[in-house]
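Below, read A as the first sequence line, B as the second, and so on, with proteins coming before strands; counting in each chain starts at 1.
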Number of protein chains: 2
Amino acid sequence: MAVRRATISDVASLAGVSIATASKALNGRQDVRASTRQRVLAAAEELAFQPNALARGLLSGQTRTVGLLTSDLEGRFGIPVLMGAEDAFGAGEMAVLLCDARGDAIREQHHLRALLSRRVDGLIVVGESTDPRPSVSKDLPVPVVYAYGPSDDPADVSFVPDDVGGATLAVQHLLALGRRRIAHVTGPADYRAARDRAEGLGAALASAGLPQAGETLWGTWSQRWGRHAAEMLLTAGPEFDAVFCGSDQIAAGFVEAARELGRRVPDDLAVVGYDNWEVLAAETRPPLTTVDPDLERLGRTAAQHLFAAIDGKATPGVHKMACRLVIRDSTARM
Amino acid sequence: MAVRRATISDVASLAGVSIATASKALNGRQDVRASTRQRVLAAAEELAFQPNALARGLLSGQTRTVGLLTSDLEGRFGIPVLMGAEDAFGAGEMAVLLCDARGDAIREQHHLRALLSRRVDGLIVVGESTDPRPSVSKDLPVPVVYAYGPSDDPADVSFVPDDVGGATLAVQHLLALGRRRIAHVTGPADYRAARDRAEGLGAALASAGLPQAGETLWGTWSQRWGRHAAEMLLTAGPEFDAVFCGSDQIAAGFVEAARELGRRVPDDLAVVGYDNWEVLAAETRPPLTTVDPDLERLGRTAAQHLFAAIDGKATPGVHKMACRLVIRDSTARM
DNA sequence: TACGTTTCCGAAAACCTTTAAGTCCAACGG
DNA sequence: CCGTTGGACTTAAAGGTTTTCGGAAACGTA
């Protein structure tokens, strides 16, 4: 550990110039003779000079730092969004101050204060589900962008996955493979994500003039529920040649149970999951065709939009981000 | 968005006192009459005054901010460590600057510069595996603590899970249940984690005077490998009544294949995993007994140690953190 | 030589806060 | 009435950097 850090004043003395000249030389500005600039640069190098970002920020009013407020780091969905954002910010020479409120509104307020006190240039709020969440942006001195979980205030800027479109993608894929009787097993009905995906399924079927195979089965986001639903449907359910599952966990349970009941996937039964959670979707037998909400891209886009909002203007409202279909072996032509 | 933020000078004018008095009133210091303090506090409230952390940091030389440098956010192990650290820092009113180097040394250097330029008070480096990694702490003006992946310089401070001890825990559990012939299926031999766990197994067996059932099977950290190993062992392998798997993924594949081959877990065969990756370990049939490296605690401990290092002295060297055994249904008395 | 122009550099203010040192005044003891 | 004490407040400096503006030297032109 070095004792004291060099300041620009040390650099200036060593180079035999004034502070002002040193500053200009280091920042590549005009009005410095080439030879002088060289001397300053050499001095800075020798002293391992690093400009003090605090002083710089104090003067300029810009910290080149953004706050990232997440309500739930534990969850699986926040991380990819965070990674995408970190990626975009890193490329823009921005630093990210990370705060996890753990779903606690008090802690969120506390973190918000801390971030503002540190004079962040902007804020990204990452929700824990796609359900709208309370806005924090009332009377804030910096721009805010919501990612994954939208703000409940339509005047804010939010980026969310287009779950209706994602479900439509899945259904259109199944229809193109010749499947006609599609069942739906999904998570709890009080999740926006579950309702949106069911809605997408319904819309796609309706526009193809087909009925859904049985009612939508609402349950939990677990493998266990997927197995249970499979047993129910396959022993006493309606006829169906495909099932659209609301998550990869459900789909993994479903294919496992179907397999044990002697149904061949995809021959007898095509299965589509949701989330493209690789560790699960790629390890089931057969590997799952699934909808990928592309959360990393969502995070990156949100970050880029925050840049725009910081030095210019933002387009408010909820932006729906398209999903991708990842085709693996759990679906095939009949 | 407000136009301009109130400074302490605005608060002072509004309260009709000098800046110094305002500062003292706001910071709860002596030499301020109670009534004056009230006036200042009211003024601060009215203007929504937030002290500028930059100015404060510039003066005090402390930013109450630490850098968290991770080589691999994508991986499963960095996140819990990060959460633990974030937890400890949040409690200490510290903020966390997050940087992900994505395993790239250049990017790591770049982030390091950025963090130092922002005058962080300390640094936590989170590795992507338990293998030693190059030290970054040579001639750094701030203390550094390594978490999960230790530094290759013994003079640094590192916190790593005690994989040897974790494996011992698992084996002792199996022995206590009356199992005597224990096989071992694990990941690649070029992972320190795999070697440590195999070593723990060997030591525990040796001190019980028992031989290992067959050679250690080295493979990958995947479910697929677990299945494959199970098929090999159960069709043409040695006699065994328990298997210690190097990861929950391997164990999940193993129990699945064993089940399909008609072996009952835990009756015929006890299975222990490693990592306590809940989504997997709790969803297999039966749920997995597994070793929990308690990474969140590891992160928290590392953070607390960084505090100590920041304002005092640190005890260098590699600190091994004990693991916990989580007992579920995949193990039982014979 | 006198004067205007260009080139390069330095002095000083500004950003916001904390704190050491100094000022003022009332109360109090003698 | 004077000196002392101590409470309540203010002044000013410090922290590191950027930037504006003014100044000096060198050079060209009349």
B:Arg118 side chain to B:Thr65 side chain, donor-acceptor N/O pair below 3.5 angstrom: no
D:dG6 C1' sits how many Å from B:Gln30 CD, rounded? 13 Å
Nearest 0.5 Å, please: how far is CD in B:Gln62 from CZ in B:Arg56? 12.5 Å
Can a side chain N or O of A:Asn27 be found less than 4.0 Å away from OP1 or OP2 on D:dT18? yes
Kindly say if B:Thr7 contacts the phosphate of C:dC16, meaning a side-chain N or O under 4.0 Å from OP1 or OP2. no
Starting from C1' on D:dT18, measure out to CG on A:Leu26 and report it in whole angstrom. 12 Å
For A:Asp153 and A:Ser151, test the side chains for any donor-to-acceptor distance below 3.5 angstrom and give the result as yes or no. no
Looking at D:dG16, I'd like to know if its phosphate oxygens (OP1 or OP2) sit under 4.0 Å from a side-chain N or O belonging to A:Arg56. no
So do A:Val66 and A:Val96 actually touch side chain to side chain, heavy atoms under 4.5 Å? yes
Return the nearest nucleotide to the side chain of B:Pro51; candidates are C:dT17, C:dC9, C:dG10. C:dT17
For D:dT10 and B:Ser18 - does any side-chain N or O of the residue sit under 4.0 Å from the phosphate oxygens OP1/OP2? yes
Could you pick out which residue, B:Gly16 or A:Ser23, lies toward the 5' side of DNA chain D when each is mapped onto its nearest nucleotide? B:Gly16
Tell me the interatomic distance from A:Leu59, atom CG, to C:dC16, atom P, rounded to whole angstroms. 9 Å
Rounded to the Å, how far apart are B:Ile19 CD1 and D:dT10 P? 10 Å
Would you indicate what A:Leu54 reaches in the nucleic acid, counting non-hydrogen atoms under 4.0 angstrom: base, sugar-phosphate, or nothing? nothing
Once you apply a heavy-atom cut-off of 4.0 Å, does B:Thr36 come out as touching a base, just sugar-phosphate, or nothing? sugar-phosphate
Atom-pair distance (CZ on B:Arg29; C1' on D:dA8), nearest Å: 14 Å
A:Gln62 has an atom CD; how far is it from atom P of C:dC15, in whole Å? 16 Å
D:dT18 OP1/OP2 closer than 4.0 Å to side-chain N/O of A:Ser60: no
From the options D:dC9, D:dG16, C:dA12, select the nucleotide whose nearest atom is closest to the side chain of B:Arg33. D:dC9
Donor-acceptor pair (no angle test) under 3.5 Å: A:Lys24 side chain, D:dT17 base: no
Donor + acceptor pair across side chains of B:Ser135, B:Tyr146 (<3.5 Å): yes
Expressed as a whole number of angstroms, how long is the span from B:Asp31:CG to D:dG7:P? 8 Å
